[in-house]
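For the numbers below, each heavy atom of this structure counts, side chains included, while hydrogens, waters and symmetry mates do not. Letters A, B, ... are given to chains in the order of the sequence lines, protein chains preceding strands, and every chain is numbered from 1. The model shown is predicted, which means the values in this text are computed figures rather than measured ones.
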Number of protein chains: 2
Amino acid sequence: MAHDERGVTPQSEDFSAWYNELVIKAQLVDRGPAKGTMVIRPYGYALWELLQADLDARIKATGHQNAYFPMLIPESYLNREAEHVEGFSPELAVVTHAGGKQLEEPLVVRPTSETVIGEMMAKWISSHRDLPLLLNQWANVVRWELRPRMFLRTTEFLWQEGHTAHADEADAMAETMLALRMYRDVAYEVAAIPVVPGEKTPGERFAGAVKTFTIEGMMRDGRALQAGTSHYMGTNFARAFEITYTSADGKAELCHTTSWGMSTRMIGGVIMTHGDDKGLVLPPRLAPYQVVIVPIGRGERGEAATRAAKDLAARLRDAGLRVHVDDRSQLSPGFRFNDWEMRGVPIRLELGPRDLEAGTVVMARRLGEGKESISLEGAPGILPGVLEEFQAFLLKRATEFRDSRTATVDSWGEFVEAVATGWARAFHCGRPFCEDDIKAETAATPRCVPLEAEEESGRCVRCGMPSEYGKRVIFGRAY
Amino acid sequence: MAHDERGVTPQSEDFSAWYNELVIKAQLVDRGPAKGTMVIRPYGYALWELLQADLDARIKATGHQNAYFPMLIPESYLNREAEHVEGFSPELAVVTHAGGKQLEEPLVVRPTSETVIGEMMAKWISSHRDLPLLLNQWANVVRWELRPRMFLRTTEFLWQEGHTAHADEADAMAETMLALRMYRDVAYEVAAIPVVPGEKTPGERFAGAVKTFTIEGMMRDGRALQAGTSHYMGTNFARAFEITYTSADGKAELCHTTSWGMSTRMIGGVIMTHGDDKGLVLPPRLAPYQVVIVPIGRGERGEAATRAAKDLAARLRDAGLRVHVDDRSQLSPGFRFNDWEMRGVPIRLELGPRDLEAGTVVMARRLGEGKESISLEGAPGILPGVLEEFQAFLLKRATEFRDSRTATVDSWGEFVEAVATGWARAFHCGRPFCEDDIKAETAATPRCVPLEAEEESGRCVRCGMPSEYGKRVIFGRAY
């Protein structure tokens with residue numbers, strides 16, 4: 001590798017290498033011992049905790065309750081819903097021995113929890129008064145991956161999975177859309193990712209779902225990342241697990257269920273939406289440290305700078321900011337500056353003896369605008385606003401990037417060109433083999449039928465047949 | 001069962017039956033499909049979240065950082081520390097197949113994470129400047145249980161596990177005691193359990209530890225519950241995983257490590273420390289609902305009461321309380337009163353049409369003092385104090401109970417009598433076979449050598465040999 005030990009391969013040279021090097025060097029993760037597993041290091045886990053706290057508050061505010069279901073599920077449970085078992089079988093990890101003996105029935109490590117939660121819902125629901133039942137679980141899940149990639153596809157990952165049961169389709173569909181809206185809002189407001197919410201085409205649905213909705217983000221290499229999904233299951237799981245209720249007029253009815261999940265994959269989305277050749281760029285709302293203060297100077301003057309940095313940090317924390325003082329005096333200031341740029345801290349403050357004398361501190365934003373000197377005294381009043389601006393700037397920049405890489409196309413030639421660097425908005429006939437055909441030739445897949453797109457119809461960009469869905473579909477290569 | 005469908009077997013009749021029925025009927029948990037697993041229902045999980053939030057804040061305030069390590073650990077890792085593997089082998093769940101194939105090396109589901117974290121520590125630590133390394137993980141673990149019991153021993157449970165590495169024994173021992181102190185404080189201040197902190201005798205140590213410390217609580221049947229442990233590992237794991245650092249004067253040195261854990265078992269401790277024949281009694285700091293308001297009355301007057309209850313609930317929430325309005329008008333007031341008594345809510349407020357007219361509400365504490373009428377207007381000012389008093393009352397009552405069931409004994413006859421209903425404080429010779437002998441005859445084991453006991457020595461209560469430890473040991477039957 002030509003790049004120095006601290007730097008990373010430029011995005012333009014090899015986006016994959018950039019990503020793989022960065023997640024390790026920024027100390028977000030490390031490789032776990034078993035194939036495809038990851039260790040989430042404190043810096044990466046702090047990011048996850050911030051995302052989790054925000055999403056958990058939204059989940060609770062909309063009336064859901066957290067619970068916890070066993071990780072080990074009897075293999076027979078998965079077999080009860082035919083499409084579900086077909087979808088997940090190739091990815092299962094199976095416990096065959098426990099307590100020194102072979103088990104009579106193998107237990108699978110949950111790849112998702114519809115089955116075990118369905119079994120419990122059947123037990124807990126009897127009357128229409130028990131509905132809706134709105135549950136959520138924060139948990140680890142395991143899906144064996146052939147091509148693992150940190151955060152994006154790891155054999156074990158962390159997520160939340162919402163599981164709800166309702167009296168009818170209308171109520172279950174309203175829930176499905178509420179979860180999707182929640183994900184959209186977290187992406188926009190917290191992760192600064194301008195995702196497109198939409199419905200998956202039938203070929204891209206969750207195993208066992210009637211409808212699957214998604215939020216799709218565009219990464220800086222133009223590829224799409226599915227960053228959260230919400231599923232309407234109809235009565236498929238209710239039938240398989242006998243989730244029934246007695247209606248107000250005394251009839252036995254099947255429940256309509258939903259499930260929805262967002263995972264540590266979202267962190268991969270943050271990295272690939274905002275990062276650049278210098279390293280991570282973290283949205284302030286997810287940054288473990290929003291401000292890092294680097295005291296500069298040697299000997300007594302250095303000690304005075306460190307004392308002043310700690311004092312400033314305390315005042316910034318009182319103003320509600322997450323702050324770190326990097327007083328590793330054995331490392332040069334330049335090394336420390338680069339280190340925090342690599343780790344994506346939104347604002348760096350440099351505090352040397354001359355700044356101290358002048359009652360100022362040098363502020364460097366992670367992106368744009370160069371350095372500027374601000375008042376040491378006034379910093380707690382100024383920085384919250386700078387961080388808000390930075391958050392807004394990231395969303396705006398990502399939106400402009402997404403739009404600049406999205407083309408509305410009506411010919412195959414335009415389509416091929418568009419999906420080489422980004423997304424194509426195109427009509428499609430909706431036939432699975434035509435989707436397969438597009439994928440074989442361009443590696444692009446239908447990402448979603450956007451909820452907010454205008455109603456229109458035309459001819460399939462690939463085969464010329466009349467278009468399906470009543471809208472253009474977004475196609476792109478995906479993670 | 002002679003008891004009605006809603007009630008539970010009295011403690012005095014069968015404490016085990018009381019516990020097993022209560023955890024289900026109070027909707028804390030349900031049985032999971034796989035042997036020994038539990039589903040933690042929303043009411044039980046809310047309790048866990050409150051405990052977790054409090055403990056997590058203490059862990060962070062003392063400089064530890066959260067991280068996450070893979071759940072699946074190569075089997076060979078456990079073999080590296082001889083005592084560790086010997087201790088855990090009989091309890092392991094093993095993944096032998098994944099992704100449709102037999103694995104080359106089986107993976108164990110973590111029973112605890114010393115090994116995988118040790119492996120990573122070896123990678124992350126190089127200089128004395130990297131020490132101490134203070135990590136914590138919130139996770140699920142699996143230990144195959146022959147006699148599972150909800151919360152107390154389940155094949156899967158939730159916990160936090162702290163893992164730290166230090167330059168020397170003194171620093172690692174200080175950390176071990178800091179973690180123990182944190183657990184002691186959580187038990188006293190949050191769970192209202194007057195635990196006794198102490199050291200385990202060699203026969204009761206954690207597999208691979210040099211010293212194990214514990215907090216022991218006395219349950220209402222007089223038995224002991226180990227509610228949290230903290231271990232000093234010496235250099236055992238550092239040697240097995242090559243966790244070394246270069247000292248300030250350039251020498252390669254082994255780290256000294258610690259680990260410490262508290263789990264969902266603590267919830268079992270809360271139930272068995274405070275509960276009574278009517279059901280749970282929850283300490284206000286852990287109660288998912290600190291106050292439940294039951295509106296009473298039919299038709300229009302009932303609706304007015306419900307409106308007033310919701311208004312009161314909003315004002316109590318503004319005062320920082322966790323409040324629930326039980327407006328299940330299809331159920332009688334008496335049924336609802338019993339239900340919330342069973343579920344251990346500290347304060348119940350009954351609000352009927354006559355109360356409304358008088359501008360009052362009837363307050364019933366979960367324990368003692370009967371009902372009293374308080375001002376509707378003044379409730380938000382009054383209730384926080386009532387809850388604080390209730391919290392303090394539970395700790396005081398549990399302390400008195402513990403003391404009344406603990407006897408200082410110097411003869412075998414007294415010892416046998418004491419451990420039949422509680423704890424014995426006795427001298428012991430410290431020899432493992434003498435411990436075994438006591439256990440075989442009385443089912444009592446040494447719970448701990450209390451940190452705070454006075455220094456004294458005498459003759460072993462069992463064999464008459466000179467006493468070990470320089471203190472009396474607490475013996476009791478344990479969960």
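- For A/Lys35, no part lies under 4.5 angstrom from a heavy atom of chain B.
- Between B/Thr264 and A/Tyr68 the shortest side-chain heavy-atom distance does not fall below 4.5 Å.
- With a 4.5 angstrom heavy-atom cutoff, B/Val109 touches chain A only via side-chain atoms.
- With respect to chain A, the highest number of heavy-atom pairs below 4.5 Å among B/Met38, B/Gln65, B/Met71 belongs to B/Met71.
- Interface remark: A/Pro90 contributes backbone atoms only to the contact with chain B (heavy atom separation under 4.5 Å).
- The local environment of CZ in A/Arg31 is sparse, with at most 12 non-hydrogen atoms from other residues, nucleotides or ligands closer than 6.0 Å.
- A/Ala34 approaches B/Leu72 most closely through the heavy-atom pair CB-O, 3.9 Å.
- Proximity to chain A (any heavy atom under 4.5 Å) is shown, for B/Glu145, by neither the backbone nor the side chain.
- The most heavy-atom pairs under 4.5 Å with chain A, out of B/Thr37, B/Leu92, B/Leu107, come from B/Leu92.
- The contact between A/Tyr77 and chain B is made entirely by side chain atoms (from C-beta outward), counting heavy-atom distances below 4.5 Å.
- Heavy-atom pairs under 4.5 Å with chain B peak, among A/Pro74, A/Ala93, A/Ser89, A/Pro70, at A/Pro70.
- Under the ring pair (Phe, Tyr, Trp, His ring centres under 6.0 Å) criterion, A/Tyr289 pairs with A/His324, A/Trp340, not counting sequence neighbours.
- Remark: B/Arg149 CZ is packed, more than 12 non-hydrogen atoms of other residues, nucleotides or ligands lying under 6.0 Å away.
- Only the side chain of A/Val142 comes within less than 4.5 Å of a heavy atom of chain B; its backbone N, CA, C and O stay farther away.
- When all heavy atoms are compared, the tightest approach of B/Ala67 to A/Ile40 is CB-O, 3.3 Å.
- Scanning residues 45-54 of chain B against chain A with a 4.5 Å heavy-atom cutoff picks out B/Tyr45, B/Glu49, ordered by number.
- Highest contact tally toward chain B, considering only A/Val108, A/Val95, A/Leu146, is held by A/Val95 [criterion: heavy-atom pairs under 4.5 Å].
- Close approach to chain B, defined as a heavy atom under 4.5 Å from one of its heavy atoms, is seen in A/Arg129, A/Leu135, A/Asn140 of residues 127-141 of chain A, taken by number.
- Note: B/Arg41 CZ to A/Phe69 CZ = 8.5 Å, rounded to the nearest 0.5 Å.
- Chain B is approached within less than 4.5 Å, heavy atom to heavy atom, by A/Thr96, A/His97, A/Ala98, A/Gly99, A/Gly100, A/Leu103 from residues 96-106 of chain A, ordered by number.
- You'll find the side chain of A/Val116 reaches within 4.5 Å of the side chain of B/Pro33, heavy atoms only.
- Of the atoms belonging to A/Leu158, it is side-chain heavy atoms, and not backbone ones, that fall under 4.5 Å from chain B.
- With a 4.5 Å cut-off on non-hydrogen atoms, A/Glu156 touches chain B through its side chain but not through its backbone.
- Applying side-chain contact (heavy atoms from CB on, under 4.5 Å) to A/Val39 and the options B/Glu119, B/Lys123, B/Met120 leaves one that passes, B/Met120.
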